[in-house]
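Following: one structure in C-alpha cells, then a few remarks.
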Number of protein chains: 2
Amino acid sequence: MPKVGMEPIRREQLINATMAAIDEVGLAEATVMRIARHAGVSAGIISHYFGGKDGLLEATMRQILTDLNHAISMRRHALEDNTPRAHIGAIIEGNFDRTQVTGPAAKTWLAFWASSMHKPMLQRLQNVNDRRLYTNLCHQFRQVMPRADARNAARGLAAMIDGLWLRGALTPEGLDADEARHLAHNYLDQLLAYHGCQPRASMTETY
Amino acid sequence: MPKVGMEPIRREQLINATMAAIDEVGLAEATVMRIARHAGVSAGIISHYFGGKDGLLEATMRQILTDLNHAISMRRHALEDNTPRAHIGAIIEGNFDRTQVTGPAAKTWLAFWASSMHKPMLQRLQNVNDRRLYTNLCHQFRQVMPRADARNAARGLAAMIDGLWLRGALTPEGLDADEARHLAHNYLDQLLAYHGCQPRASMTETY
DNA sequence: TTTTATTGATTGAACGTTCAATAAAAAAAT
DNA sequence: ATTTTTTTATTGAACGTTCAATCAATAAAA
C-alpha cells in the first residue's frame with residue numbers, strides 16, 4: 001500500500017477519526033487504538049505522524065478552530081453592506097454553521113473546551129480564539145454605542161452564543177440550530193435597539 | 001482512630017476532596033489516590049463508602065446540584081413580592097451565588113457537564129436539573145407573555161446563564177460574578193420590556 | 001472479646017509508546 | 001524491459017507505566 005505523499009491524507013484521516021471517536025465514546029475513552037481503528041490504520045502510526053496522542057489532539061483542536069473561523073470569515077466577506085449589524089449577524093451565522101454545530105465536531109469542541117482548563121496548550125488555543133471573537137464583536141458594537149456599552153454587549157453576546165452552543169451539544173437530540181440563531185439574532189436586535197438602531201426588516205418578534 | 005459514626009464525616013470529606021482534586025488537576029487526572037490524599041485517608045476507603053470511583057463521582061455531582069438548587073430556592077423563598085421578575089431575578093442570583101461560581105465547585109460542575117455527554121448516569125442528573133430550571137423560568141415568563149414567547153425567553157435566559165457560567169469557569173481569573181449578574185439581569189429586563197413590564201428602578205442602563 | 005473503621009501491598013487490566021520487521025513503491029542499474 | 005537497490009509507509013508485538021479494585025491484616029473503640 002505504501003505510496004509517497006501519504007502524510008496529508010493520513011493526517012486528515014486521523015483527525016477525522018479523532019472527532020468520530022470522541023463523538024462516540026467521549027475524550028476519556030478515545031484511546032489511540034480506537035482512533036486508529038476508526039481510520040483503518042494501526043495504532044503506531046499516530047506517534048509517527050503526530051509525535052504522540054497529545055499531538056493528535058492538539059491538531060484536531062486546531063482543525064476545529066480553523067474550520068470555525070473559516071465559516072465566520074466566509075460569511076463576513078460575502079456581506080453586501082458593511083453595517084455593524086450585518087457583521088455581527090455574520091458572526092452569529094458562522095458560529096451556528098451546520099457543519100460546526102452538528103455531528104462530531106460539536107462534541108469534540110466541547111470536550112476540548114472542558115479539557116483546556118488543565119492543559120496549557122489547549123488553553124492557549126482556546127484563549128486566542130476567544131479573544132478574537134470578543135475583539136471582533138467589540139469593534140462592531142463600538143461603532144454604534146459607547147465603549148463601555150460595547151464591551152458589555154460583546155461579552156453578553158459571546159456568552160449567549162457559547163451558552164446556546166453548549167446546550168446544543170449536550171441535548172441528546174442535538175442543537176436546534178434555527179432556534180439558536182433566532183435567539184441570538186433577537187438578542188442582538190435588543191442590544192442594538194437601545195442605541196437607536198432599527199431592527200431588521202423581518203423577524204421583529206419579541207422573543 | 002476508628003470511631004463509630006464515621007460514615008457521614010468521611011463521605012463529606014471525600015466529596016470535598018473530589019472537588020478539590022478536580023479543581024487542581026482536572027477530572028482526567030483526579031485519581032482515587034490523589035483524592036484520598038486530599039482527604040487524608042487511604043485509597044481503599046473510597047470503595048468502602050462509595051462502592052468505587054464512579055459512586056464517588058456521582059455523589060459529588062449530586063452534592064453540587066443540591067447546593068445549587070438550595071441557593072436558588074433560598075432566595076426565592078426570601079422574596080417580598082411574588083412578581084415573575086422577582087422570581088426570575090432570584091433564579092439568576094442563585095445561579096451566580098458566590099459559593100457556586102468561585103472555587104472548586106465551578107470547575108467540577110463544568111467537568112461533569114462535559115463528562116455527562118457519554119455517562120448515562122451523569123446525563124440523567126444533568127437532564128433533571130436542566131428541565132427544572134427551564135420549567136421554572138417558563139412558568140414565570142408565561143405570566144407576562146404568550147406561551148411561545150415564554151418558551152423562547154426561558155431558553156434564551158437559560159443559555160445566557162450557562163454561557164456566563166462556563167466562560168467564568170474557563171477564564172484563568174475566574175468569573176466576575178458581578179458582571180455576569182449584571183448582564184443576565186439586563187437581558188431579563190429586555191425580555192420583559194417587550195411585554196410592557198417596567199424595568200427595575202435601578203440599573204436601567206442599556207447593556 | 002466483638003465490632004467497626006482503616007490501611008496499603010497486591011492484582012490484573014488498560015493504556016501510550018517504541019521499534020524491529022515487513023512490504024510496497026520508486027529509483028537506479030543492468 | 002527487467003532486475004536490483006533504496007526509500008517510504010506501516011504494522012503489531014513487547015514494554016513499562018498507571019490505575020481502580022481487592023482483601024487480609026491491623027488497630028482502636030465498644
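This is a predicted model, so every value here is computed, not measured. Letters A, B, ... are given to chains in the order of the sequence lines, protein chains preceding strands, and every chain is numbered from 1. What's counted below: heavy atoms across the whole structure, side chains too, no hydrogens, waters or symmetry copies.
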Figure out the CD1/P separation between B:Ile46 and C:dA5, and round it to whole Å. 17 Å
Using atom CZ of A:Arg37 as one end and atom P of D:dT11 as the other, report the distance to the nearest whole Å. 14 Å
Here the gap from B:Thr171 atom OG1 to A:Gln126 atom CD, rounded to the nearest 0.5 Å, amounts to 11.5 Å
What nucleic acid atoms does B:Thr31 come within less than 4.0 Å of, heavy atoms only: base, sugar-phosphate, or nothing? sugar-phosphate
Choosing from D:dT10, C:dT6, C:dT17, which nucleotide comes nearest the side chain of A:Met6? D:dT10
Over how many whole Å does the gap from B:Ile45 atom CD1 to D:dA28 atom P extend? 15 Å
Interatomic distance where CG belongs to A:Asp54 and P belongs to C:dT17 [whole Å]: 7 Å
I need the minimum non-hydrogen distance between A:Gln13 and A:Ala39, along with the two atoms involved. O-CB, 4.1 Å
Of the listed nucleotides (D:dA20, C:dT6, C:dG16), which one gets closest to any side-chain atom of B:Lys53? D:dA20
Quick check on DNA chain D: between A:Met33 and A:Val41, whose nearest nucleotide comes earlier from the 5' end? A:Val41
Check every strand shown and say whether B:Gly52 touches a base, only sugar-phosphate, or nothing at a heavy-atom separation below 4.0 Å. sugar-phosphate
Side-chain H-bond candidate by donor/acceptor type, B:His182 with B:Asn186, under 3.5 Å: yes
State whether a side-chain donor-acceptor pair under 3.5 Å links A:Gln123 with A:His118. no
Just by distance, with hydrogens left out, do A:His38 and A:Glu24 show a side-chain donor and acceptor under 3.5 Å apart? yes
Could you tell me whether B:Arg85 and B:Asp189 have a side-chain N and a carboxylate O separated by less than 4.0 Å? yes
Separation of C:dA25 atom P from A:Ile9 atom CD1, nearest Å, is 13 Å
Give the nucleotide from the list D:dT10, C:dG8, C:dT17 with an atom nearest to the side chain of B:Ser42. C:dG8
To the nearest angstrom, how far is B:His48 atom NE2 from D:dT22 atom C1'? 13 Å
Any ion pair linking A:Arg181 and A:Asp176 (charged N to carboxylate O, less than 4.0 Å)? no
Side-chain atoms of B:Tyr49 come closest, of D:dT11, D:dT10, C:dT6, to C:dT6
Whole-Å distance between C:dG16 C1' and B:Glu29 CD? 14 Å
Each base of DNA chain D marked ( ) or [ ] if paired in-strand (Watson-Crick or G-U under 3.5 Å), | if paired to another strand and . if unpaired gives ||||||||||||||||||||||||||||||
Is any side-chain nitrogen or oxygen of B:Arg34 closer than 4.0 Å to OP1 or OP2 of D:dC19? no
